[in-house]
Peer 1: 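Can you read through this structure? Questions will come right after.
Whatever order the structure lists them in is the order used to number ligands and atoms, beginning at 1. Heavy-atom basis, side chains included; hydrogens, waters and symmetry copies ignored. All figures in this text were calculated on a predicted structure; none of them were measured in a lab.
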Amino acid sequence: MPIFCYCQAEPPGQDVFAKYSIFVLNMNAMSNYISLAILTAIVCISSCQAPTGETAQLNDRKWWKEAIVYQVYPRSFKDSDGDGIGDLKGIISKLDYIKSLGIDVVWLNPIYTSPNYDNGYDISDYRNIMTEFGTMQDFDNLLKGLHERNIKLIMDLVVNHSSAEHEWFRKSRSARNNPYRNYYHWWPAEKGKPAPRFSFFDVNGDAWEYDSLTDAYYLHYFAEQQPDLNWENPTVRKEIYDIMKFWGDKGIDGFRLDAFQYAAKDTTFSTLPLDYEKNIAKYYGMQPQLHTYLQEMNQEVLRQYDVMTVAEGAGSTLADAHALVDADRNELNMAYHFDAIDIGKEKGSYSLLEFKRVYSKWDSAFADDGWLSIYLANHDNARMVSRFGNDSEEFRDRSSKMLTTFIMTMRGTPYYYYGDELGMTNIRFDNMEDYRDIETLNKFKKLKLEGGDLIQFKEKQKRVARDNGRTPFQWDNTSSAGFTTGTPWLKVNPNHKTINAEAQDKDQNSVLNYFRAAVKLRKENPVLVYGAYTLLDKDNPDVYAYSREQNGEKILVLLNFQGTSATVNTGIDMRNANVLLGNYPNASVDGKLRPYEAVIYKLD
Ligand code: ISL
């Protein structure tokens with residue numbers, strides 16, 4: 001049985017969450033609960049005192065822990081045929097650029113056939129390529145080109161839901177007795193209206209869509225064009241495993257499981273408590289059968305290939321996350337949680353103390369077992385520098401480099417979003433007509449129906465809208481930033497005149513070249529991958545300071561998160577500290593950091 005210990009460790013205030021599985025323990029043999037309490041205390045005290053993380057992870061080296069993932073949003077990376085939409089041939093034409101970054105893995109957002117209500121997250125054929133993106137031959141060429149450059153490819157697997165245009169759904173909705181009916185979640189109208197379920201993207205916020213054809217409601221957590229698949233149906237699961245094998249046989253190197261925590265739902269569809277939306281992972285998914293599905297998926301597919309897997313979402317507790325990714329579970333390799341990316345999202349500002357607390361909590365909890373991703377942006381979020389740094393002319397470069405330093409020096413597999421290596425910023429549209437994202441557009445329509453504050457909404461979208469992070473890659477300073485010869489599907493950020501890859505490639509001090517240096521440093525120093533993490537100067541509101549340590553090797557990272565000078569007190573003797581990388585020409589060695597200064601030191 002598992003015993004969970006939650007304890008305060010050195011330095012004070014750093015949370016350690018330790019898990020020990022005692023399989024040999026025969027509870028029946030123990031006389032009473034006092035014995036259990038004593039045993040738990042012994043296990044916990046020793047776990048809290050023992051240095052964690054240093055050797056445990058090192059003993060379990062894996063390529064996907066050591067990899068750096070670069071996320072390519074295909075629609076916006078490079079258009080090869082002038083239709084204004086990025087495509088596979090476009091990516092192929094930029095493979096040398098991708099290689100030049102030094103990364104190991106590309107994660108491609110969905111490229112399958114789709115009516116594109118949600119930019120490919122509504123798949124109507126899992127075994128074909130979206131027409132705008134090219135052909136299967138293009139895909140094969142892309143995979144070959146990546147592999148020739150020693151870069152792996154992971155694909156998005158969107159199987160909590162399909163597109164309403166998928167043939168499964170067409171058949172399912174056609175008649176109540178159609179064999180495909182049970183591929184989705186239906187609620188017959190004669191039972192009355194089902195208990196409310198909120199939808200992320202629905203114009204009315206309702207996850208139940210009434211379908212008059214069979215007088216029934218179907219469930220869609222996302223848009224009405226994205227009906228949720230019924231994972232309780234073994235035939236559905238088999239279909240999905242077959243799809244995974246199709247791509248596995250093509251030689252891809254992994255899957256990112258989209259919104260997968262929602263796949264296992266409470267299908268009695270009981271009434272949920274008020275405010276359940278505040279803990280959506282708990283009420284919308286993460287039912288125990290999720291683990292049965294994942295273990296089955298592992299058995300049927302994953303173990304037959306050398307693939308990595310990452311779950312979007314990690315449940316609502318640390319224990320949920322462990323249950324998904326711990327090595328002995330044989331489920332997934334890693335997960336990305338939302339605790340950190342959501343900090344201050346509503347408010348529009350965040351506290352560094354909170355940021356440090358969240359990262360330290362998750363790091364400690366996964367020091368010995370399980371693995372996480374580290375990321376500050378993706379296609380569902382604003383641009384990294386606009387969100388967590390400072391995208392003003394004065395500080396954009398410096399703060400981008402500082403955030404890159406953070407991602408490349410934390411434990412966990414770094415996921416780095418295309419364009420962040422240039423310091424691309426939010427576009428901040430003034431007009432609703434410029435948005436393309438279903439989330440923003442439908443939320444706007446919903447608010448309008450409700451008579452809400454549209455001006456405030458528009459202002460907020462400049463900060464949080466997903467389209468901020470989806471604008472075309474800025475290759476050069478020409479009219480469409482070298483992305484397309486046609487009209488781009490989403491406007492190009494006008495700042496491409498100054499922020500672009502061509503200019504930065506030539507400039508040794510650019511954000512781009514700093515990113516390359518940080519990638520190289522991580523690759524050369526496994527201590528940055530596996531080393532134990534210790535938070536230093538914990539209560540410093542301006543500076544994030546931590547060390548990474550392994551087999552006597554120690555690295556210190558200092559990050560000033562403010563646009564003003566700041567001091568840090570780590571208590572470390574810096575006389576023998578060697579600077580490995582910094583974002584100012586002469587790195588600080590006296591604990592005084594300049595605005596957004598980042599320094600990585602090797603300590604002897
Ligand atoms: O994007 C979000 C908030 O702005 C998230 O709530 C997001 O919808 C959630 O993390 C699930 O995301 C994934 O599935 C969605 C898709 O729109 C996202 O792009 C994808 O990452 C539905 O498939």
Peer 1: Under 4.0 Å from any heavy atom of Phe338, which atoms of ligand 1 are there?
Peer 2: 10 (O)

Peer 1: Considering non-hydrogen atoms of the protein only, which is the closest contact for atom 8 (O) of ligand 1, and what is the distance?
Peer 2: Phe222 CE2, 3.4 Å

Peer 1: For Tyr183 and Ser162, does a side-chain donor sit closer than 3.5 Å to a side-chain acceptor?
Peer 2: no

Peer 1: Looking at ligand 1, is there an atom of it that comes within less than 4.0 Å of some heavy atom belonging to Arg256?
Peer 2: yes

Peer 1: Give me the residue, atom name and distance of the protein heavy atom closest to atom 13 (C) of ligand 1.
Peer 2: Asp258 OD1, 2.7 Å

Peer 1: Looking at Tyr221, Phe269, Trp186, Tyr218, which hits ring pair (Phe, Tyr, Trp, His ring centres under 6.0 Å) with Trp208?
Peer 2: Phe269

Peer 1: Taking atom types as modelled and ignoring hydrogens, do the side chains of Asn119 and Tyr73 form a donor-acceptor contact shorter than 3.5 angstrom?
Peer 2: yes

Peer 1: Looking at Tyr418, Tyr417, Tyr415, Tyr121, which hits ring pair (Phe, Tyr, Trp, His ring centres under 6.0 Å) with His379?
Peer 2: Tyr121

Peer 1: Is the ring pair Tyr350/Phe355 parallel, tilted or perpendicular, if the boundaries are 30 and 60 degrees?
Peer 2: tilted

Peer 1: Compare Asp122, Thr440, Asp118 and give the one whose heavy atom is closest to atom 16 (C) of ligand 1.
Peer 2: Asp118

Peer 1: Among all protein heavy atoms, pick the one closest to atom 10 (O) of ligand 1 and tell me residue, atom and distance.
Peer 2: Glu312 OE2, 2.8 Å

Peer 1: For ligand 1, which atoms sit closer than 4.0 Å to a heavy atom of Phe201?
Peer 2: 8 (O), 17 (O)

Peer 1: Hey, what's the ring geometry for Phe139 with Trp247, parallel, tilted or perpendicular (30° and 60° as the breaks)?
Peer 2: perpendicular

Peer 1: For atom 23 (O) of ligand 1, grab the closest protein heavy atom and report residue, atom and distance to one decimal in Å.
Peer 2: His161 NE2, 2.8 Å

Peer 1: In terms of residue, atom name and distance, what is the protein heavy atom nearest to atom 5 (C) of ligand 1?
Peer 2: Asp380 OD2, 4.6 Å

Peer 1: For atom 1 (O) of ligand 1, which protein heavy atom lies nearest, and how many Å away is it?
Peer 2: Arg466 NH1, 3.0 Å

Peer 1: Do we see a donor-acceptor contact under 3.5 Å between the side chains of Tyr305 and Asp249?
Peer 2: yes

Peer 1: Donor-acceptor pair, distance only, cut-off 3.5 Å: does the side chain of His496 make one with the backbone of Asn493?
Peer 2: yes

Peer 1: Look at atom 3 (C) of ligand 1 and say which protein heavy atom is nearest, naming residue and atom and giving the distance to 0.1 Å.
Peer 2: Glu439 OE2, 3.3 Å

